[in-house]
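Comments concern the structure below.
Worth saying up front: this structure is predicted, and the values here are computed from it rather than measured. Convention: sequence-line order gives letters A, B, ...; per-chain numbering from 1.
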Number of protein chains: 2
Amino acid sequence: MTDQTKKPKFFDSSPIPLYVQLADIIRYRIERQLWPEGTMLPTIDTLMDEFSVSRVTVRHAMQLLSSSGLIEIQRGVGTFVLKNHTRRNPVKVETTLDGLIEAYRNDKPLLTYISDSSEPLCLTEDDGIPAPSYQHLRRVHTRDDVKYCVISIYLDERIFKMAEERFRTEVILPVLASLDDVTVANAKQSITISKADLETSRLLDLPLGDPVAHVRRVLTASDGTIIYVAGVTYRGDYIHLEMDLKK
Amino acid sequence: MTDQTKKPKFFDSSPIPLYVQLADIIRYRIERQLWPEGTMLPTIDTLMDEFSVSRVTVRHAMQLLSSSGLIEIQRGVGTFVLKNHTRRNPVKVETTLDGLIEAYRNDKPLLTYISDSSEPLCLTEDDGIPAPSYQHLRRVHTRDDVKYCVISIYLDERIFKMAEERFRTEVILPVLASLDDVTVANAKQSITISKADLETSRLLDLPLGDPVAHVRRVLTASDGTIIYVAGVTYRGDYIHLEMDLKK
DNA sequence: AAGAGACGTCCTAACATTAGGACTACATGA
DNA sequence: TCATGTAGTCCTAATGTTAGGACGTCTCTT
């Protein structure tokens, strides 16, 4: 019965541990330049106050950030922002097929085949006319040692047979574009955002629940046959989309 | 020294409680139709086995899903998938200015002004020539009782003065478009994905760390003056982007 | 009415998270 | 050298998460 002051507890009620939430907030502030590189962070006691949490909690959060190299803790001195954790080389989402092909011509990701287990090919009426059969390829793209997307491709088997070896070892789209016998008449792409599920989080070394972008691409031939369907799951932080609204 | 069998512990090492992760996985399977509406979920004992977790953990996860209305637990019978939690009415991200204006003409969201505290206007050389001064407006858009984005707008003060009242009470872009004296020469938009920070999670009633999309729009007049800069943070699950890759 | 198959409850026992407070160790400048 | 400010350590205690197991209760079918 000492004091019944309301405890805002700031962002409790979430099942995520306080120290993780706190670390997220601090990371966010650093990324947003609120605390630029080299700055000394508020003292532990100040942060305890600001967020009404205990010492243990603040320290735990700090250790998390420190071990990920974002800050440096100096005993007896203070805690300092290290690197500005600049956005790492995001993937520019191309808005044209040519751009997409061109992008892959310059950037050859490491391809890792993965065993299947994924969603079956699912098409809507709008997509076009299904081909008689498809070859399924599923792999992870890696660049600079970072696995940045999982891609699951269904390729018209007749086309696949034209360059089986190349399709297996190279990125599909440039190969597809290089085949004289194949003409892509239509190409659609849709993007949605969701959270990394168990499989994705494993494949991309991502924490479960981290933001990801799902991209679905459908290419059709001039007779309406669907020749290529891809479902790509990108790490959310690798996505960057630019568009000119003035057409 | 009884048995030292390795415990894969499936997705431990994450600070997020197991039962939350498990609930996420089950929700995901339901959403992906792996367990369609009406299906009986595997028994608690089966799930305990599949994921190597204890009874308490499975039940805790189930209760979470049950209380969010996704499943129904029937004692002595089993647990069943209720509604298929269909995607709720996502916002189609427009790729042209006219589309954007048109979209807002048909969909009038509820605007809630919020006190400031946000990032200052930050522009790059590329954006254009800054106007002498800007009016800042910051608000939350709500549709069907769901707060789906926070928008922070900087509007050239000279333009703001032309229709102060309307700018305050209506969605900016349609008003801007309706002014004869204003011509938008250029309009750019960029999209990135990140996690909800503390402020966003509060404003949008979203769990901290949930996926969000940041959209930045810059409009310039024909003389290169930047007349409008908007930073919009959307709920990730409200974003849907369609594009025709064939230009 | 009985049995099988489900979920519900309860218990023990580790750990992890968190608050709150006291005290220690270190670095730096006056 | 010493005061000051900062991070580190340690303690108690409450609460939450998880494993593992035993047993209770409910529903439905035979």
Practice task
Would you tell me if any nitrogen or oxygen in the side chain of A/T43 comes within less than 4.0 Å of OP1 or OP2 on D/dG5?
Solution key: no
Problem - Side-chain N,O (B/T79) to OP1/OP2 (C/dA6) below 4.0 Å - result: no
Every protein N/O within reach of nucleotides 11-16 of chain D N/O, cut-off under 3.5 Å:
none

Exercise for the section: Kindly say whether B/M62 contributes a backbone atom to a donor-acceptor pair with the side chain of B/S66 at under 3.5 angstrom? Expected result: no
Handout entry: Axis-to-axis angle between the two ends of the helix from C/dA1-D/dT30 to C/dA30-D/dT1 (five base pairs per end, rounded to 10 degrees)
Key = 10°
Roughly how many Å is it from [atom1] in [X] to [atom2] in [N], rounded to a whole number?
| X | N | atom1 | atom2 | result |
| --- | --- | --- | --- | --- |
| B/M48 | D/dT17 | CE | C1' | 15 Å |
| B/D49 | D/dG21 | CG | C1' | 14 Å |
| B/L47 | D/dT18 | CG | C1' | 16 Å |
| A/I73 | D/dT6 | CD1 | P | 15 Å |
| A/R59 | C/dG20 | CZ | C1' | 15 Å |
| A/L64 | C/dA16 | CG | P | 15 Å |
| B/H60 | D/dT17 | NE2 | P | 6 Å |
| A/I16 | C/dA16 | CD1 | P | 19 Å |

Exercise for the section: By nearest nucleotide on DNA chain C, pick out whichever of B/L41 and A/Q74 is the more 5' one. Expected result: B/L41
Exercise for the section: Could you pick out which residue, A/P17 or B/Q63, lies toward the 5' side of DNA chain C when each is mapped onto its nearest nucleotide? Expected result: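 Going by which nucleotide is closer to the 5' end, it is B/Q63.
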Handout entry: side chain to side chain contact (heavy atoms under 4.5 Å, CB included) evaluation trace for A/L155 with A/Y134
Key = CA-CA 5 Å; A/L155 186 62; A/Y134 289 93; 5.6 Å; no
Problem - N-O pairing of B/D127 and B/K188 below 4.0 Å - result: yes
Problem - For A/E242, salt bridge (Lys or Arg N to Asp or Glu O under 4.0 Å) partners two or more places apart - result: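 With neighbours one apart ignored, the set is empty.
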Exercise for the section: Please name all residues satisfying salt bridge (Lys or Arg N to Asp or Glu O under 4.0 Å) with B/D145, sequence neighbours left out, ordered by chain then number. Expected result: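 Here no residue qualifies.
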Exercise for the section: Please check if any side-chain donor atom of A/H240 sits under 3.5 Å from a side-chain acceptor atom of B/T192, or the reverse. Expected result: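 Result is no, nothing qualifies.
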Within the sub-3.5 Å range, which N or O atoms of nucleotides 23-27 of chain D have a protein N or O partner, and how far apart are they?
unit_1, atom_1, unit_2, atom_2, d
D/dG24, N2, B/R75, NH2, 3.2
D/dT25, O4', B/R75, NH2, 2.9

Exercise for the section: Scan A/Y238, A/Y104, A/Y234 and name whichever one has a ring-ring contact (aromatic ring centres under 6.0 Å, His included) with A/H141. Expected result: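 Of the listed options, the one satisfying the test is A/Y104.
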Practice task
Using the salt bridge (charged side-chain N to carboxylate O under 4.0 Å, His left out) rule, take B/E31 and A/K195 through it: C-alpha gap first, then chi angles, then the decisive distance, then the call.
Solution key: CA-CA 12 Å; B/E31 279 169 2; A/K195 299 201 260 183; over 6 Å; no
Handout entry: Quiz item: cation-pi between A/R235 and A/Y148, 6.0 Å / 45°
Key = no
Problem - By side chain to side chain contact (heavy atoms under 4.5 Å, CB included) - contacts of B/T43 (at least two apart) - result: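 B/T43 satisfies side chain to side chain contact (heavy atoms under 4.5 Å, CB included) with B/M40, B/D45, B/T46 only.
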Exercise for the section: Assess whether side chain to side chain contact (heavy atoms under 4.5 Å, CB included) is satisfied between A/I30 and A/R27, documenting all intermediate values. Expected result: CA-CA 5 Å; A/I30 292 173; A/R27 183 182 305 114; 5.8 Å; no
